[in-house]
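To start, the structure itself, in structure tokens.
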Protein chains: 2
Amino acid sequence: MSEPSKTKRPTQRTIAAKMGISVGAVSRALANDPQMAEETRALVQKMAKELGYSPDRAAQRLRTGRTQVINLILPPHEEILGFGTLLIRGISARLENTGYHLVVLPDFGPDKSAEQIQRVVRDRLADGIIFSRTTPDDNRIKFLLEADFPFVSHGRSELATPHPFVDCDNYAFARQAAETLIDRGAKRLGILLPPERFTFRQHLLHGFMTAVRTAGVDYEILDGISLDSDANAISANIQKRFAAPDAPDGLVLPGDVSGLAALAAIQDLGLVPGRDVQLVVKQTSGVFDLVRPKIASLYEDLSEAGEKLADLLLKRIAGAPVSELQYIQPIAGRPPASDTLFDPQLRAPSVR
Amino acid sequence: MSEPSKTKRPTQRTIAAKMGISVGAVSRALANDPQMAEETRALVQKMAKELGYSPDRAAQRLRTGRTQVINLILPPHEEILGFGTLLIRGISARLENTGYHLVVLPDFGPDKSAEQIQRVVRDRLADGIIFSRTTPDDNRIKFLLEADFPFVSHGRSELATPHPFVDCDNYAFARQAAETLIDRGAKRLGILLPPERFTFRQHLLHGFMTAVRTAGVDYEILDGISLDSDANAISANIQKRFAAPDAPDGLVLPGDVSGLAALAAIQDLGLVPGRDVQLVVKQTSGVFDLVRPKIASLYEDLSEAGEKLADLLLKRIAGAPVSELQYIQPIAGRPPASDTLFDPQLRAPSVR
DNA sequence: ATAAGCATTTATAACGTTAAAATATATGGG
DNA sequence: CCCATATATTTTAACGTTATAAATGCTTAT
């Protein structure tokens, strides 16, 4: 039983003993309770820093009921392209130095996801929840509103009660995309939409239809596939469509994967993108800057979305009114500034 | 003070009271302590299920010191293509139903990352750690070994003390890739490598050199860029290289982004991939199945890597010897079976 | 001088769990 | 019939924190 080096980590008791005051006093001093003499507070805080004290999360949590945890329900959607990572990065960035931790829960389908949320609320597993793939009549949102549990959804619902959300301006995207196609001379536009149940399907459709109706061009909604379909299914479907008469000469593709799949399909048919068919994609990743031929694209900045989601959630937890907690993110024409990389040798040319 | 509906969640005390036994008995019955009468155990467990009891994590953690948390240090690397997501998905899948939660910590550079790990160990923020971007002399590994704290690294070190890891067989990849290029008639091979400090650079180089030496062909290591370089930097560098004399006619590209960047560069030069230059990439995402012209590719299954990482970590926490906790993941020729999607309407053709 | 008032601090209890020690009950041997 | 030995359960204490009530000391007004 010789554990000489294992200096056990300091607690409030350690500080209290060292200073000859009570544990309660330490607790309040650290909490900056104005009831406490300014001097004592400073002294305790100094000592705490000296000893490298950090509060025990478990004890705090047990006592106060606050978990200091934010839950992210990670969408199951197999976006080939780092959907999750970017969002997570954004959330983490905002959570940095707040004392909050990000716990990722995988989402195994809509029903399972609801269950999980109930567990989180019931067992107080977190102080707030972030999730995506929102539907107009989202059960999760209804449940969370009812339970008065802090959350921010990525995407809007259409419930009567307003709720906090961050959503990309899909209306603007679809409209701009369609207008771009029309400008380039397309006579019959096609659009690929998300599955019926998602709210943003309506937004996309609305934006698309606005542009189409204004210009008076033909249009169609790609049938038999959705944004969630497997890439191969999308490719196959599009190939089939373009082999049939009256194929569109302009496509709106609101996702990286579907964009790639469509592009591949068109190329495989021997058609020339930009001549035979125009494409506009919504990308979150920057792939289309690296794919040839170059395709018109608009950006959804998921990293910023993540930051915003976390930001609004923290504000919600702090008690801000819902009216201040709704954010529609503008679509960007250019990619967000790329993240810092960690290859200093290459970044800063060696001086030697 | 009327909170009629808010049935507070049941604790062991609730169960104990209801059954007329002591709290301690409940605790041990739930833990399936063989000291406890079989009958009591069954009864308690039944009652617990009936009441919907679930243990308070904070209390357990405070009492036992076990956090039931796994930390993932999320690499800062701006892989455009879902590095993080796939890994996270794999880890989550393995952690499902184990009672462990996954907490994601962003990594803001190598030094910061070491700090974070120290905090985790010192403040017992988790029961185990997973991280990547391993170096031969990795300080984090040295520290964790020293502290005897459970971890699994993604990638190997070259330390004398063996440690748990999951690593992709980069030697095999580079060798197979180079051999493929040689088979296709390439006379001068180029390879893009990760920054010097990473262990897997050596593995890639070794595999590459083995193939090159055996075949006796020319080779070069792309200079001035690394796998971590910005996509634009890679494109620019490769364009410059191919404008100069004795350019390679075969390239090994061990990453999705670099593969795309190289492909774009070559196409922008007016060269024809597959005729003027052969490429073999290592992809983690499946993008290259959707990019034209088709490029030879090998797969690294990050989702499986994540599962394996979590699996080994759990075993390590349970006390398994290190010798059983090292896994070199074979490179795959075909993409891993794609994940389940959640668009049932499209998956199972409607019966109506 | 005494009581009331205020500022500061301490003491107590509790959050829900579990590990260890103590107790009660039953079983078997002498 | 009593002691020893299992077996099953209860009691006690603690993990580190914080909210509340109680106590202390000190000033000020009466």
Side-chain angles (χ1 to χ4, degrees), chain A residues 1 3 6-45 47-48 51-69 99 119 122-125 127, chain B residues 1 3 6-45 47-48 51-69 99 101 122-125 127:
Chain A
M1 294 289 173
E3 304 189 15
K6 186 168 270 177
T7 333
K8 60 171 74 94
R9 67 186 281 244
T11 70
Q12 292 186 354
R13 171 137 73 236
T14 321
I15 300 177
K18 214 146 211 146
M19 299 185 58
I21 62 177
S22 76
V23 183
V26 173
S27 174
R28 304 173 68 156
L30 289 172
N32 241 316
D33 186 334
Q35 294 255 300
M36 218 63 189
E38 187 108 38
E39 201 193 335
T40 322
R41 272 187 271 166
L43 245 43
V44 168
Q45 283 166 21
M47 175 63 75
L51 295 180
Y53 166 82
S54 72
D56 184 303
R57 295 177 73 91
Q60 277 182 325
R61 179 167 168 178
L62 175 61
R63 181 61 237 249
T64 63
R66 309 199 62 205
T67 64
Q68 297 283 100
V69 161
R119 257 186 38 111
R122 183 170 177 292
D123 296 351
R124 269 284 139 88
L125 259 29
D127 295 341
Chain B
M1 293 292 169
E3 304 187 16
K6 184 168 271 177
T7 331
K8 61 171 73 94
R9 67 186 279 243
T11 71
Q12 293 186 352
R13 171 136 74 233
T14 321
I15 300 177
K18 216 146 212 147
M19 299 185 57
I21 61 177
S22 78
V23 183
V26 173
S27 174
R28 304 172 71 157
L30 289 172
N32 240 316
D33 187 334
Q35 294 253 300
M36 219 62 187
E38 188 108 33
E39 200 195 335
T40 322
R41 272 187 271 168
L43 245 43
V44 168
Q45 282 166 22
M47 175 64 74
L51 296 179
Y53 166 83
S54 73
D56 185 303
R57 295 177 72 88
Q60 278 182 323
R61 179 167 170 178
L62 175 60
R63 182 61 237 248
T64 65
R66 310 199 62 204
T67 64
Q68 298 282 99
V69 161
H101 283 181
R122 184 171 176 292
D123 296 350
R124 270 284 140 90
L125 258 31
D127 295 340

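Basis for what follows: all heavy atoms, side chains included, without hydrogens, waters or symmetry-related copies. Lettering follows sequence order; numbering is per chain, from 1.
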As a test of understanding, state which of B/Leu30, B/Val26, B/Thr14 forms a side chain to side chain contact (heavy atoms under 4.5 Å, CB included) with B/Tyr53.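 Testing each of B/Leu30, B/Val26, B/Thr14 against B/Tyr53, the sole residue satisfying side chain to side chain contact (heavy atoms under 4.5 Å, CB included) is B/Leu30.
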Please report the distance, rounded to the nearest Å, between [atom1] in [X] and [atom2] in [N].
| X | N | atom1 | atom2 | result |
| --- | --- | --- | --- | --- |
| B/Glu39 | D/dT7 | CD | P | 17 Å |
| B/Gln35 | C/dT23 | CD | C1' | 14 Å |
| A/Ile21 | D/dG25 | CD1 | C1' | 17 Å |
| B/Arg57 | D/dC15 | CZ | C1' | 17 Å |
| A/Arg66 | C/dC15 | CZ | C1' | 16 Å |
| B/Arg41 | D/dT9 | CZ | C1' | 14 Å |
| A/Asn32 | C/dT8 | CG | P | 14 Å |
| A/Asp33 | C/dA7 | CG | C1' | 12 Å |

For a quick test of reading the model, state the closest non-hydrogen atom pair linking A/Asp33 to A/Arg41 and the distance between them.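 A/Asp33 and A/Arg41 have their closest heavy atoms at O-NE, 3.4 Å.
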Exercise: identify the closest heavy-atom pair between A/Pro10 and A/Leu51: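 Closest approach of A/Pro10 to A/Leu51, heavy atoms only: CG-O, 3.4 Å.
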When every nucleotide of nucleotides 16-21 of chain C is labelled 5' to 3' by its protein contacts under 4.0 Å (heavy atoms), B for base, S for sugar-phosphate only, - for none, what sequence of letters results? BBBSBB
Around atom CZ of B/Arg122, are there more than 12 heavy atoms from other residues, nucleotides or ligands closer than 6.0 Å?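 Above 12, so yes.
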Could you check whether A/Asp56 pairs with A/Arg9 (Lys NZ or Arg NE/NH1/NH2 to Asp/Glu carboxylate O, under 4.0 Å)?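 Between A/Arg9 and A/Asp56 there is a salt bridge, with a charged N closer than 4.0 Å to a carboxylate O.
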Would B/Arg28 and B/Gln35 count as a side chain to side chain contact (heavy atoms under 4.5 Å, CB included) here? Give the steps. CA-CA 8 Å; B/Arg28 304 172 71 157; B/Gln35 294 253 300; 3.7 Å; yes
Could you work out how much the helix from C/dA1-D/dT30 to C/dG30-D/dC1 bends, comparing the axis of its first five pairs with that of its last five, to 10°?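 The end axes of the helix from C/dA1-D/dT30 to C/dG30-D/dC1 are about 70° apart, to the nearest 10°.
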For [Y], is there any backbone N or O sitting under 3.5 Å from a side-chain donor or acceptor partner on [X]?
| X | Y | answer |
| --- | --- | --- |
| B/Ser27 | B/Val23 | no |
| B/Asp127 | B/Gln68 | yes |
| A/Arg57 | A/Gly99 | yes |

